[in-house]
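The structure displayed is predicted, hence computed values, not measured ones. First the proteins, then the strands, lettered A, B, ... as listed; each starts at 1.
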Protein chains: 2
Amino acid sequence: MRIALLAHEKFPDSAKTAVGVLRYGDHEVVAVVDRENAGRRVSDFLDDVPDAPIVGSMSDVPDPVDRLVIGIAPIGGGFDESWRPDVRNAIERGCDVVSGLHYFLADDDEFASLAAEHGAELHDVRKPDPDLSVADGVADEVNAEVVLTVGTDCSVGKMTATLELVQAAEDAGYDAAFVPTGQTGIMIAGWGNPIDRVISDFTAGAVEEMILEVGDDHDVVFVEGQGSIVHPAYSAVTCGILHGSMADRLVLCHEAGRETVHGYDQVLPDLDEYVSLYESLAAPVHDTEIVAGMLNTQHVEGDDAAREAVESFADELDVPATDPIRFGADEVVDFVV
Amino acid sequence: MRIALLAHEKFPDSAKTAVGVLRYGDHEVVAVVDRENAGRRVSDFLDDVPDAPIVGSMSDVPDPVDRLVIGIAPIGGGFDESWRPDVRNAIERGCDVVSGLHYFLADDDEFASLAAEHGAELHDVRKPDPDLSVADGVADEVNAEVVLTVGTDCSVGKMTATLELVQAAEDAGYDAAFVPTGQTGIMIAGWGNPIDRVISDFTAGAVEEMILEVGDDHDVVFVEGQGSIVHPAYSAVTCGILHGSMADRLVLCHEAGRETVHGYDQVLPDLDEYVSLYESLAAPVHDTEIVAGMLNTQHVEGDDAAREAVESFADELDVPATDPIRFGADEVVDFVV
């Protein structure tokens, strides 16, 4: 599949999704659409992702192109009308469009009728699958090992840790799949259920459905976790993913220095309490254990201090640990798969 | 408030909601509408609820009447067209209509325009409040003590236990409130959020919002629990209610003889594991403990065997216990409030 990434005036620093698709996506990116940087190349900005030309509009993207991904999200999730000619051009060329905006492209009269006319699909990834239902408790029946990232809090780097584990597992020779559960992960993967948007009764079922979809075709399935099991607002989503995935192994993600729940006063429990809580809560549904730790050291100054933080984190958890961005997930992948 | 209960051809045995409103509702029931039993009285069938006449149609219900409650639910949750004249008559008299059907009365063109014309409100309790949001983690700031019923499984009697505790607390002189979280509880109370239908990210927030709404006006608030924390499909809802309610005390509900999850193969953990799981999972958000047990002995033959089962349940939990239907919730209410 050949992909174009829309990122007008935001590439690369404010285009998290576009950069994520470049870094972790399975498909070839044929162009980034950014009117501000037209004529330059991805490699002028980023040296650790596949290169691609930057063009000024969708009409400058050469054929063939199969999919246009909206790679930026304005505050509020609205649709920027200056993008309309790009989306229109894509649809008229029969190119599918994937969007994570709150504004649903499929509900836009012009886009919907153009898409019907030209046989293009509009994927609004924030819109949950209407066919979801309650879990049957059968995710453990797939052939793959199921690995779930869990966290001490939200925004500690679970999606990044999961994607880095997928790459490290593939580098080590495994056939690995990524099961996305949040909007950015879904945009990167090009499929998935936004678990935090489904009906609460279907939380576990929405995860199970994805694992059943890919689990028999891979050696290992890495499920992107959400929130934390002690989060005052989001723990329901975390619990549903924990039980719905019936994970064989857990990887605990944490950010160095995080002491309270992001945006709340609540103090985080000790790390060994997280281990005990995640394992004892999962066990009645499916036995599992935390086999590795992922420490986000983005706010730690220098590699030496970061290495020390990772070692102390590993000691507290009593499992191998790494910072997947700074030191690589390959340091722990053999303990995870 | 004066209420009429629609229960055509189902009263009382297949009219769970109608009987629940009679038994636990705060408002005066002026008539049951059941064309099959017209001319008889509620007391001909039930001796432990307030009496009321049974009439053949809504047009036979005397004024004043403030609310018609649909007290039966056909399989599938559809609207039975034979009820249309009753609902029409209610609306034309300016009487609000409360329904837990999947078919939304407010989306019925005739009912919607009649309701607008006559100033009647149509409450479809399966439709979640569109203004719900994520929890702020502040349910513990209300003046009332918050008591939550939790369970070893779904369908063990949490709603009944909660409603019996409300009555026992009121009999003991407390000003008690009931916070409903499921459809039948909402129909009985006439308000509430159907937690299992809200967006998963708002699970805790939807509970918190209800506690904030009533918590400062009462001594004690009893929150109806849902599911179980180890349920393979519904644990997300349970976890969201546990953390969103920030309950001061928990009451553990169980059905005597239940050994596996209802409808699943999964074996239930030991009772002491439930105590440990509920308390340790709640603690990082709000400290709480299980202070009483409620055992549903409906499938135990005879009061002596039931009393033995309750005593053994209390011993295992190491807290006082009762069967709220067979022996009354007043046996434990002093330990709960």
Side-chain angles (χ1 to χ4, degrees), chain A residues 128 133-140 152 154 181-182 193-208 226-244 246 261 263-270 273-274 276-278 280-286, chain B residues 128 133-140 152 154 181-182 193-208 226-244 246 261 263-270 273-274 276-278 280-286:
Chain A
S133 188
V134 298
D136 290 321
V138 295
D140 61 342
T152 56
C154 57
T181 58
N193 294 320
I195 303 296
D196 59 356
R197 296 280 115 185
V198 307
I199 286 175
S200 59
D201 239 10
F202 301 163
T203 310
V207 179
E208 178 182 85
Q226 296 288 339
S228 124
I229 199 62
V230 300
H231 194 285
Y234 305 137
S235 63
V237 174
T238 311
C239 185
I241 296 175
L242 182 70
H243 285 150
M246 304 182 81
V261 176
Y264 294 77
D265 293 333
Q266 184 184 310
V267 175
L268 300 187
D270 293 339
E273 203 172 324
Y274 281 105
S276 157
L277 269 178
Y278 276 115
S280 62
L281 183 59
V285 178
H286 190 75
Chain B
S133 189
V134 298
D136 290 321
V138 296
D140 61 342
T152 57
C154 57
T181 58
N193 294 321
I195 302 295
D196 59 357
R197 297 279 114 185
V198 308
I199 287 175
S200 59
D201 240 11
F202 301 163
T203 310
V207 178
E208 177 183 87
Q226 296 288 339
S228 125
I229 200 61
V230 299
H231 195 284
Y234 305 137
S235 64
V237 174
T238 310
C239 186
I241 295 175
L242 183 70
H243 284 150
M246 304 181 82
V261 175
Y264 294 77
D265 293 333
Q266 184 185 309
V267 175
L268 300 187
D270 292 339
E273 202 172 322
Y274 281 104
S276 157
L277 269 178
Y278 276 115
S280 62
L281 183 60
V285 178
H286 190 75

Pair Y278(B), E273(B) - check side-chain contact (heavy atoms from CB on, under 4.5 Å), show working. CA-CA 9 Å; Y278(B) 276 115; E273(B) 202 172 322; over 6 Å; no
Worked check of side-chain contact (heavy atoms from CB on, under 4.5 Å) between C239(A) and I229(A): CA-CA 6 Å; C239(A) 185; I229(A) 199 62; 3.8 Å; yes
Could you go step by step and tell me if V261(B) and L268(B) meet the side-chain contact (heavy atoms from CB on, under 4.5 Å) rule? CA-CA 6 Å; V261(B) 175; L268(B) 300 187; 3.6 Å; yes
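With chain A as the partner, the residue from G240(B), P232(B), A204(B), G263(B) showing the most heavy-atom pairs under 4.5 Å is P232(B). Of the residues considered (V285(A), D196(A), D265(A), T238(A)), D196(A) shows the highest number of contacts with chain B, using heavy-atom pairs under 4.5 Å. Interface summary for chain A: among A206(B), S235(B), G137(B), S133(B), the most heavy-atom pairs under 4.5 angstrom belong to S235(B).
Here the closest heavy-atom approach between residue I241(A) and residue Q226(A) is recorded as CD1-CG, 3.6 Å.
The contact between L281(B) and chain A is made by backbone and side chain atoms together, counting heavy-atom distances below 4.5 Å. Only the side chain of T203(A) comes within less than 4.5 Å of a heavy atom in chain B; its backbone stays farther off. The contact between P284(B) and chain A is made by backbone and side chain atoms together, counting heavy-atom distances below 4.5 Å.
For H231(B), the ring pair (Phe, Tyr, Trp, His ring centres under 6.0 Å) criterion is met by Y234(B), Y264(B), not counting sequence neighbours.
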